Structures are given as C-alpha cells and as structure tokens.
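One structure below.
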Amino acid sequence: QVQLVESGGGLVQAGGSLRLSCAASGRTFSYSAMGWFRQAPGKEREFVAVISASGRTTYYTDSVKGRFTISRDNAKNTVYLQMNSLKPEDTAVYYCAARRAVGAGTRQDLYDYWGQGTQVTVSS
C-alpha cells in the first residue's frame with residue numbers, strides 16, 4: 001500500500017507562486033509514474049501534470065504549460081509541482097496520484113493511489 005501526503009497549498013494573489021509537494025510512502029516510488037490532478041468547485045477532477053518514474057518524460061495540460069513544472073526526487077520519495085504566474089482559474093483542490101507503472105499517463109483511471117488533496121486559492 002502506498003500513502004501520499006500533499007503539502008504546500010494556500011492562498012496566493014494572482015501572479016504569485018506556490019510549490020506543492022507530495023511525499024510517498026513505500027519502496028516502489030522509483031518505479032511509479034506520478035501525477036497531479038485538480039478539482040475546481042463545481043467541476044470534475046482534471047489532469048494537470050504527470051511525470052514518468054525516471055523523470056525523463058512529463059506531460060502538462062495546455063492551460064498550465066509554461067507556468068507549472070512537475071519534478072521528482074526519487075531519493076526523497078517526493079514529487080513536486082512548481083506553480084508560477086498563478087491565475088484565479090487555477091483555484092482548486094490539487095491531488096497527487098501514483099501509478100503502479102513507470103510510464104506517465106494522463107488518464108485518471110491509470111492511477112492506483114491518491115492523496116487527500118491540498119487547497120490552492122488564487123485571488124484576483
């Protein structure tokens with residue numbers, strides 16, 4: 001069983017930055033692709049960014065390209081989401097997810113473990 005704990009959310013003004021972290025338990029982190037997804041009020045959860053187990057492959061949803069960066073530190077069992085130039089439309093609960101496979105997939109049903117989520121609120 002893998003447990004994921006997100007941190008780093010909060011309230012920030014538009015144009016600001018936040019760095020989300022997701023700490024994973026277990027010894028299989030380096031063989032797991034990881035992803036960040038988000039759910040805004042009244043909307044379905046959506047893909048934000050994913051990274052392969054090696055860290056060499058990443059994918060981003062179009063709305064965050066050039067602003068968000070996903071990375072991972074396999075020695076620390078942690079995946080990060082650096083969010084710059086934040087916009088009010090980025091307001092959502094952000095979830096970390098882990099996949100029992102090395103490849104980075106963008107579909108939510110590919111992910112086996114989910115964190116509890118961390119709230120990100122961007123004020124205008």
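Everything numeric in this text was worked out from a predicted model, so none of it was measured.
- Linking Ile, Leu, Val, Met, Phe, Trp and Tyr residues whenever their side-chain heavy atoms come within less than 4.5 Å leaves Y59 and F68 in two separate clusters.
- The pair D62-K65 meets the salt-bridge criterion, with a side-chain N (NZ, NE, NH1 or NH2) lying under 4.0 Å from an Asp/Glu carboxylate O.
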Throw together a table of side-chain donor-acceptor distances under 3.5 angstrom for residues 8-19, partners on residues two or more places apart or in other chains.
| residue | atom | partner | partner atom | Å |
| --- | --- | --- | --- | --- |
| S17 | OG | N84 | OD1 | 2.9 |

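- When the shell of 6.0 Å around CD of Q119 is examined, it contains more than 12 heavy atoms from other residues, nucleotides or ligands.
- Judged by the 6.0 Å distance and 45° axis criteria, R72 is not positioned over the aromatic ring of Y80.
- Neither W114 nor M34 shares a network with the other; the hydrophobic side chains, linked directly or stepwise wherever heavy atoms of I, L, V, M, F, W or Y lie under 4.5 Å apart, form separate groups for each.
- Here the CD-OG1 distance, from E46 to T106, works out to 12.0 Å after rounding to the nearest 0.5 Å.
- Pairing each heavy atom of A33 with each of G103, the nearest pair is CB-O, 3.0 Å.
- When hydrophobic clusters are built by joining Ile, Leu, Val, Met, Phe, Trp and Tyr residues whose side-chain heavy atoms come closer than 4.5 Å, directly or via intermediates, Y60 is grouped together with V122.
- P88 and S124 get closest at one heavy-atom pair: CG-CB, 3.9 Å.
- Looking at R45 and Q108, their side chains come closer than 4.5 Å, going by heavy atoms from C-beta outward.
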Worksheet entry | Residues K43, R38; criterion side-chain contact (heavy atoms from CB on, under 4.5 Å); working and verdict | CA-CA 10 Å; K43 296 186 177 181; R38 67 185 179 186; over 6 Å; no
Item to complete: For Q39 and Y95, run side-chain contact (heavy atoms from CB on, under 4.5 Å): C-alpha distance rounded to whole Å, both residues' side-chain angles, the deciding distance at 0.1 Å, then the answer.
Response: CA-CA 8 Å; Q39 186 168 20; Y95 296 91; 4.2 Å; yes
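- At least one side-chain heavy atom of R99 sits less than 4.5 Å from a side-chain heavy atom of D112.
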Practice prompt. Start with the C-alpha gap between R100 and V2, add the side-chain angles, then the distance that decides, and say whether side-chain contact (heavy atoms from CB on, under 4.5 Å) holds.
Written response: CA-CA 10 Å; R100 288 181 295 188; V2 173; over 6 Å; no
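- Residues L4 and F47 do not share a hydrophobic cluster, defined by chaining ILVMFWY side chains whose heavy atoms lie under 4.5 Å apart.
- Counting all heavy atoms, side chain and backbone alike, S21 lies closest to T78 at CB-CG2, 4.3 Å.
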Worksheet entry | side-chain contact (heavy atoms from CB on, under 4.5 Å) between Y113 and S32, intermediate numbers included | CA-CA 10 Å; Y113 304 101; S32 298; over 6 Å; no
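- Within the 3.5 Å criterion, the main-chain N or O of C22 finds no donor-acceptor partner in the side chain of E6.
- Checked by atom type, the side-chain pair T91/E89 shows no donor-acceptor distance below 3.5 Å.
- When side chains are defined from C-beta on, L20 counts as touching M83, because their heavy atoms get closer than 4.5 Å.
- If you look at F37 and Y111, their ring centroids are closer than 6.0 Å.
- Side-chain atoms of N74 never come within 3.5 Å of backbone atoms of F29 as a donor-acceptor pair (strictly under, hydrogens ignored).
- Considering I70, L81, T69, T57 in turn, I70 is the only one that fulfils the side-chain contact (heavy atoms from CB on, under 4.5 Å) rule with I51.
- Transitive grouping of hydrophobic side chains (ILVMFWY, heavy atoms separated by less than 4.5 Å) keeps V48 and V50 in distinct clusters.
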